[in-house]
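Notes for the one structure printed next.
Just so you know, these numbers use all the heavy atoms, side chains as well, and skip hydrogens, waters and symmetry mates. Chain naming here is simple, since letters A, B, ... match the order of the sequence lines and numbering starts at 1 in each.
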There are 2 protein chains.
Amino acid sequence: MKKSELISKRSLEDQAADLLREAIINGELPPGMRLVEMTLAKEYGLSRGTIRIVLHQLGAEGLVTQVPYAGWSVVEMNDQDLWELYTLRATLEGLAARLAAEKITEEGVSELQSAYQELLELCEGDDLHAITRGDLALHKTIIALSNHKRLAQQYRMVENQFLSYIAAANRTFDPHLVGRSHEALVAAICAGEGKRAEKEAIKNITGFEELQGMKAKPLLA
Amino acid sequence: MKKSELISKRSLEDQAADLLREAIINGELPPGMRLVEMTLAKEYGLSRGTIRIVLHQLGAEGLVTQVPYAGWSVVEMNDQDLWELYTLRATLEGLAARLAAEKITEEGVSELQSAYQELLELCEGDDLHAITRGDLALHKTIIALSNHKRLAQQYRMVENQFLSYIAAANRTFDPHLVGRSHEALVAAICAGEGKRAEKEAIKNITGFEELQGMKAKPLLA
DNA sequence: GATTGTAGATTGGCCAACAATCGTACCAAA
DNA sequence: TTTGGTACGATTGTTGGCCAATCTACAATC
């Protein structure tokens, strides 16, 4: 543990960005909600300039949109947006799974296995939000194992937009489907089979896609 | 053509961001170059606050980095970064090619063909920079045909980082390889064969990857 | 040589002000 | 009823100045 991480030295900009991002992802600030610079500034006890930078930041992340001189608002998503998020997420996660499998280590295997075990245990219970978090944790582990900073960043962006939709629609994952459906994926990565891992990762997400009743063509032929 | 695009009403922030981005991509501002807020402000005739937002913007795009209280600088890339850009670009372009093929129209075919023809003609000459631009235009056409805003945005980010490296290394594409190598890709898309288009797109980029003498494992098995 | 000031440069963040623009409500004319 | 204008309030766009926090490099000290 690095000492430097214990001393909170993050800029107010970053901290405020985290809070605002979290609020959007949690659904506290629902899609379409208007965000006024001055109001946020007072709310967070910061100046308008600082908030301004934060909003531009979140704009780049695709969480808020701005109409010139009119104002900021939390993004609203339509079917096209949902489709974009699904296809992108599946593709990025496919790449991550492939890379993770290709460079898997013993340590990586145990990390992955423990994340998977934890998810399975959570699926025994009925705390849907906990299951959702467990599922995300597993996926995040795979992304981390791919050791690809840009991939991780882009995946995070997609995931955040996805989460903001989920929260607004008040959806959770189906616990029966979540648990076992990752078995093949985890196995493929641990076995170091990149090609298969990629396929399984994409199948996982496109499978969920159909669950949502979307009309999109599955990415896996 | 939208009228709104004809009326120049863009904010100074956006215009400045474009200029600065272009300067980095062109290599005018080489990797590692220090960027001082006050200096840029005077240079562009803007206030420090405006420049500040622009720098944060470009930071989110991965073109500049900031060390707290120390300053901004144009990103420098190492082998890991190059590898990340290649893998990500290949994957994104693979998805784009697949989607473009799946929803190709007659109009799309002619757009693609004309971009391809133009590239071929440019390859007859010896203006390397023009060939490079033609190549980028073809790829951009494919991205546009996929009709996927988020994919386009992420591809643009990757491409910009890639270009900033290219400019710094003073590289151009090999005209002999560029021209014909896209034939199969264009054909697959026009034929509406998504799976094949995806494969060809990835092959194209990973082929170039090996050209650069990189040790990365090709994405196509 | 290693450590410890110290000074200058630069960012971090705040504030107040004004300009530009948008949205709306309202009024007038056809 | 519809169209057009206009006045107004709200909000963003942009500026300039200000001071604190921090980094960097270099000098001074042991």
| task | Examine the side chains of H56(B) and E13(A) and answer whether a donor and an acceptor come within less than 3.5 Å of each other. | result | yes
| message | As an exercise, state the distance from CD of E84(B) to OG of S146(A), rounded to the nearest 0.5 Å. | response | 8.5 Å
| request: Can you figure out which of dC23(D), dG13(C), dT15(D) approaches the side chain of Y69(B) most closely? | output: dC23(D)
| query | Which part of the nucleic acid, if any, lies within reach of G49(A) when heavy atoms closer than 4.0 Å are counted: base, sugar-phosphate only, or nothing? | reply | nothing
| query | dG12(C) phosphate, OP1 or OP2: any side-chain N/O from T50(A) under 4.0 angstrom? | reply | no
| message | Strictly below 4.0 Å, N to O, side chains only: are R52(A) and E37(A) in salt-bridge contact? | response | yes
| note | Taken to the nearest whole Å, CE/M38(A) to P/dA17(C) is 12 Å
| remark: Here the distance between atom P of dA10(D) and atom CH2 of W72(A), to the nearest Å, is 21 Å
| query | Is there a donor-acceptor pair closer than 3.5 Å between any side-chain N or O of Q15(B) and the backbone N or O of R10(B)? | reply | yes
| What integer distance in Å separates E13(A):CD from dT11(C):C1'? | 10 Å
| request: Whole angstrom is fine here: how far is it from NZ in K42(B) over to P in dA9(C)? | output: 12 Å
| field | R52(A) CZ - dG12(C) C1' separation (whole Å) | value | 17 Å
| Does the side chain of Q66(B) get closer than 4.0 angstrom to OP1 or OP2 of dG12(C) through an N or O atom? | yes
| request: Among dT10(C), dT21(C), dG13(C), find the nucleotide with the atom closest to the side chain of V36(B). | output: dT10(C)
| query | Between the main-chain N or O of Q80(B) and the side-chain N or O of N78(B), is there a donor-acceptor pair closer than 3.5 Å? | reply | yes
| request: Check the distance between dA20(C)'s C1' and Q15(B)'s CD and give it to me in whole angstrom. | output: 14 Å
| request: May I have the distance from M33(B) (atom CE) to dT10(C) (atom C1'), rounded to whole angstrom? | output: 16 Å
| request: Tell me what L35(A) touches on the nucleic acid: a base, only sugar-phosphate, or nothing, going by heavy atoms under 4.0 Å. | output: sugar-phosphate
| Among dC14(C), dG13(D), dG12(C), the nucleotide that comes nearest once only the side chain of R48(B) is considered | dG12(C)
| message | For a quick check of understanding: with a heavy-atom distance under 4.0 Å over all strands, which category does I53(A) fall into, base, sugar-phosphate or nothing? | response | nothing
| said: On DNA chain C, compare the nucleotides closest to A70(A) and S47(A); which residue's is nearer the 5' end? | reply: S47(A)
| message | Could you tell me how far apart Q57(B) (CD) and dT14(D) (P) are, to the nearest whole angstrom? | response | 12 Å
